[in-house]
*Asks:* 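The structure that follows is given in the form of structure tokens.
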There are 2 protein chains.
Amino acid sequence: MTLFLSTHENKIDKKGRVSIPAPFRAELSPESFQGVVLFRSNTYACLEGVAWSYMQEIGNRLDDFDLFSAEQDDLATSIFGTAVQLSMDGDGRVVMPQDLIGFANLSERASFVGMGAKFQIWNPSDFEARRDEARHAVQSKKLTIPKGRGHE
Amino acid sequence: MTLFLSTHENKIDKKGRVSIPAPFRAELSPESFQGVVLFRSNTYACLEGVAWSYMQEIGNRLDDFDLFSAEQDDLATSIFGTAVQLSMDGDGRVVMPQDLIGFANLSERASFVGMGAKFQIWNPSDFEARRDEARHAVQSKKLTIPKGRGHE
DNA sequence: TGGATATATATGGGATACCATGGGAAAAGC
DNA sequence: GCTTTTCCCATGGTATCCCATATATATCCA
């Protein structure tokens, strides 16, 4: 199971390339497609990154909707239509499309934030604010992680 | 499993030719028939594009209706009756039939929108409106992707 | 323990291949 | 014989590949 952990800050060079952190590459390496899928977050000014197989899983679940239903079309449009598939070069880098760079407010550097099955890409200073906010939310609301159901 | 994602905008030249985006071609390449199947959307002013093998899947699902029912007849007519099979040339282009160009309100450019198992072809500006609409629908209806049934 | 060497990672830059697009030639249909 | 379609090649821009370098981490030997 893929598990992205920790935060890594890397540089975006003038060609728009950025190195995927090596620990994240290690999680991605069992994949048949050597690369990542990025899409816009629905909540924050950041990007979400997942493995190719994660998208296949979403695709399978969408197949359980009625074909051509409004729900299926809305979900597919907003998820698959806005995602991009980026392949890594031999050195583990991807080129970030310009519109995604703009959406996430990125310039010189990018923070890769492990979130378990996915990761996020943030403007480093935006992320610091977000991290503090999340920490306070967890403390004040006393959020906990529910007991597992054993993955039946 | 074929999985179309991301949006690609390509030009329709004066001969009516348009390049199938290279990532989509890669998804189609395992198919025995080198080309795509296009038909009119029943909901929007756009075209639906699928691999030849996916038409069989639609056919299977139509079998779940009562044979000779009005519903089956309507669906079969609107999908299979309007579908065209377009073969790609050596450079990965297809020629769009004039009636489909008219139906989808296409002129200079066409947006290919990955939707997972299928893709759609839109007038680029029409699609931007549709993308915003879909995004709002997902947020307001709180649409989520249900947990998969494991594709037994 | 300390220092030198080896390995891995991040980053820069140039060469190359690929892709979208245009146009012309050959083939097919009317 | 003329129009329409299919095939083939040319081109410009871009993204990908490949190699070089720097820096950090790990390994090894004295």
Side-chain angles (χ1 to χ4, degrees), chain A residues 4-38 47 49 52 83-102 106-114 119 121-124 127, chain B residues 4-29 33-38 49 84-102 106-114 119 121-124 127:
Chain A
F4 302 107
L5 279 183
S6 184
T7 298
H8 308 264
E9 187 179 325
N10 283 339
K11 183 174 186 188
I12 303 175
D13 69 17
K14 51 191 164 192
K15 288 183 179 179
R17 295 180 300 189
V18 61
S19 289
I20 303 292
F24 288 15
R25 293 207 296 267
E27 291 295 320
L28 295 166
S29 63
E31 296 280 320
S32 58
F33 168 69
Q34 281 306 298
V36 295
V37 175
L38 298 186
L47 306 175
W52 175 251
V84 291
Q85 178 185 5
L86 301 181
S87 56
M88 285 192 288
D89 67 15
D91 304 319
R93 288 178 291 192
V94 296
V95 280
M96 302 272 290
Q98 206 56 49
D99 57 328
L100 292 185
I101 288 181
L106 300 173
S107 53
E108 284 292 307
R109 307 188 63 78
S111 287
F112 289 75
V113 184
F119 61 89
I121 302 178
W122 284 82
N123 174 306
F127 173 65
Chain B
F4 301 105
L5 60 86
S6 188
T7 297
H8 307 264
E9 187 180 324
N10 283 340
K11 184 174 186 186
I12 304 175
D13 68 17
K14 49 192 166 193
K15 290 182 183 179
R17 296 179 300 187
V18 61
S19 289
I20 303 291
F24 287 16
R25 293 206 297 268
E27 291 294 320
L28 293 166
S29 62
F33 168 68
Q34 280 307 296
V36 296
V37 176
L38 297 186
V84 291
Q85 183 182 3
L86 302 180
S87 56
M88 286 190 287
D89 68 14
D91 302 319
R93 287 179 289 195
V94 295
V95 280
M96 303 272 289
Q98 206 56 47
D99 58 328
L100 291 184
I101 288 182
L106 300 174
S107 53
E108 285 291 307
R109 307 187 64 78
S111 288
F112 289 75
V113 183
F119 60 89
I121 302 178
W122 284 82
N123 173 305
F127 173 65

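What's counted below: heavy atoms across the whole structure, side chains too, no hydrogens, waters or symmetry copies. In what follows, every chain begins at residue 1, and chains take the letters A, B, ... in the order their sequences are listed.
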*Asks:* Rounded to the nearest angstrom, tell me the gap between atom CZ in A:Arg109 and atom P in C:dA10.
*Replies:*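 Between P of C:dA10 and CZ of A:Arg109: 11 Å.
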*Asks:* Atom CD of B:Gln98 to atom C1' of D:dT3: distance rounded to whole Å?
*Replies:*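 After rounding, the gap between these two atoms is 16 Å.
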*Asks:* Can you list every pair that meets side chain to side chain donor-acceptor pair (under 3.5 Å) and has a residue in residues 14-27 of chain A, with sequence neighbours left out?
*Replies:*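 Every side chain to side chain donor-acceptor pair (under 3.5 Å) pair that includes a residue of residues 14-27 of chain A, provided the two are not neighbours, is A:Asp13-A:Arg17.
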*Asks:* I need the minimum non-hydrogen distance between A:Trp52 and A:Val37, along with the two atoms involved.
*Replies:*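 Scanning both residues, the minimum pair turns out to be CE3-CG2, 3.8 Å.
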*Asks:* Taking only side-chain nitrogens and oxygens of A:Arg25, does any of them come within less than 4.0 Å of OP1 or OP2 of C:dA10?
*Replies:*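 Looking at the OP1 and OP2 atoms of C:dA10, one of them is under 4.0 Å from a side-chain N or O of A:Arg25.
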*Asks:* For nucleotides 26-30 of chain C, list the nitrogen or oxygen atoms of the protein found under 3.5 Å from its nitrogen or oxygen atoms, one pair per line.
*Replies:*
none

*Asks:* Please write out the pairs of protein N or O atoms and N or O atoms of nucleotides 20-27 of chain D separated by less than 3.5 Å, giving the distance to one decimal.
*Replies:*
none

*Asks:* Which pair of heavy atoms, one from A:Ala110 and one from A:Ile12, lies closest together, and at what distance?
*Replies:*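 Smallest interatomic distance, heavy atoms only, reads CB-CD1, 4.1 Å.
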*Asks:* Quick one: B:Arg93 CZ to C:dG22 P, roughly how many Å, whole number?
*Replies:*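 Going from CZ in B:Arg93 over to P in C:dG22 covers 8 Å.
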*Asks:* Under the side chain to side chain contact (heavy atoms under 4.5 Å, CB included) test, which residues partner A:Leu86, sequence neighbours left out?
*Replies:*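 Here the qualifying residues are A:Val36, A:Leu38, A:Val84, A:Val94, A:Pro97.
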*Asks:* How many angstroms lie between CD in A:Glu9 and CD in A:Glu108, if you round to the nearest 0.5 Å?
*Replies:*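 If I round to the nearest 0.5 Å, the distance is 11.0 Å.
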*Asks:* What are the two closest non-hydrogen atoms of A:Ser6 and A:Phe24, and how far apart are they?
*Replies:*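 In terms of heavy atoms, the two residues are closest at O-CZ, 3.9 Å.
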*Asks:* To the nearest 10°, give me the bend of the helix from C:dT1-D:dA30 to C:dC30-D:dG1, comparing the axes of its five terminal pairs at either end.
*Replies:*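 The value is 40°.
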*Asks:* How many Å lie between CE on A:Met88 and P on D:dC18, as a whole number?
*Replies:*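 Checked: the CE to P distance equals 15 Å.
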*Asks:* Nearest whole angstrom, please: distance from the P of C:dA25 to the CG of B:Asp89.
*Replies:*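 Result: 18 Å.
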*Asks:* Using whole Å, what does the distance between atom P of nucleotide D:dT14 and atom CZ of A:Arg17 come to?
*Replies:*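 Roughly 16 Å, once rounded to whole Å.
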*Asks:* One pair to check against side chain to side chain contact (heavy atoms under 4.5 Å, CB included): B:Val113 and B:Phe119. What are the steps and the verdict?
*Replies:* CA-CA 5 Å; B:Val113 183; B:Phe119 60 89; 5.8 Å; no
*Asks:* CG of A:Leu47 to CG of A:Asn123: how many Å apart, nearest 0.5 Å?
*Replies:*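 It comes to 11.0 Å.
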*Asks:* Check the distance between C:dT9's C1' and A:Phe24's CZ and give it to me in whole angstrom.
*Replies:*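 About 15 Å, once rounded to whole Å.
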*Asks:* So, for A:Leu5 and A:His8, which heavy atoms are closest and what is the spacing to 0.1 Å?
*Replies:*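 Minimum heavy-atom contact is O-NE2, 3.8 Å.
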*Asks:* What's the shortest heavy-atom distance between B:Ile20 and B:Asn10, and which atoms?
*Replies:*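 Taking B:Ile20 first and B:Asn10 second, the nearest heavy atoms are C-ND2, 4.4 Å.
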*Asks:* Any idea which heavy atoms bring B:Thr7 and B:Ser111 closest together, and the distance?
*Replies:*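 Nearest heavy atoms, B:Thr7 then B:Ser111: CG2-CB, 4.3 Å.
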*Asks:* With the threshold set at under 4.0 Å for non-hydrogen atoms, list the residues of residues 8-15 of chain B touching DNA chain D in residue-number order.
*Replies:*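 Output list: B:Lys15.
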*Asks:* What distance separates B:Gln98 CD from B:Met96 CE, expressed to the nearest 0.5 Å?
*Replies:*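 With rounding to 0.5 Å, CD (B:Gln98) is 9.5 Å from CE (B:Met96).
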*Asks:* So B:Trp122 and B:Phe127, would you call those rings parallel, tilted or perpendicular, with 30° and 60° as cut-offs?
*Replies:*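 Judged by the thresholds at 30° and 60°, the geometry between B:Trp122 and B:Phe127 is tilted.
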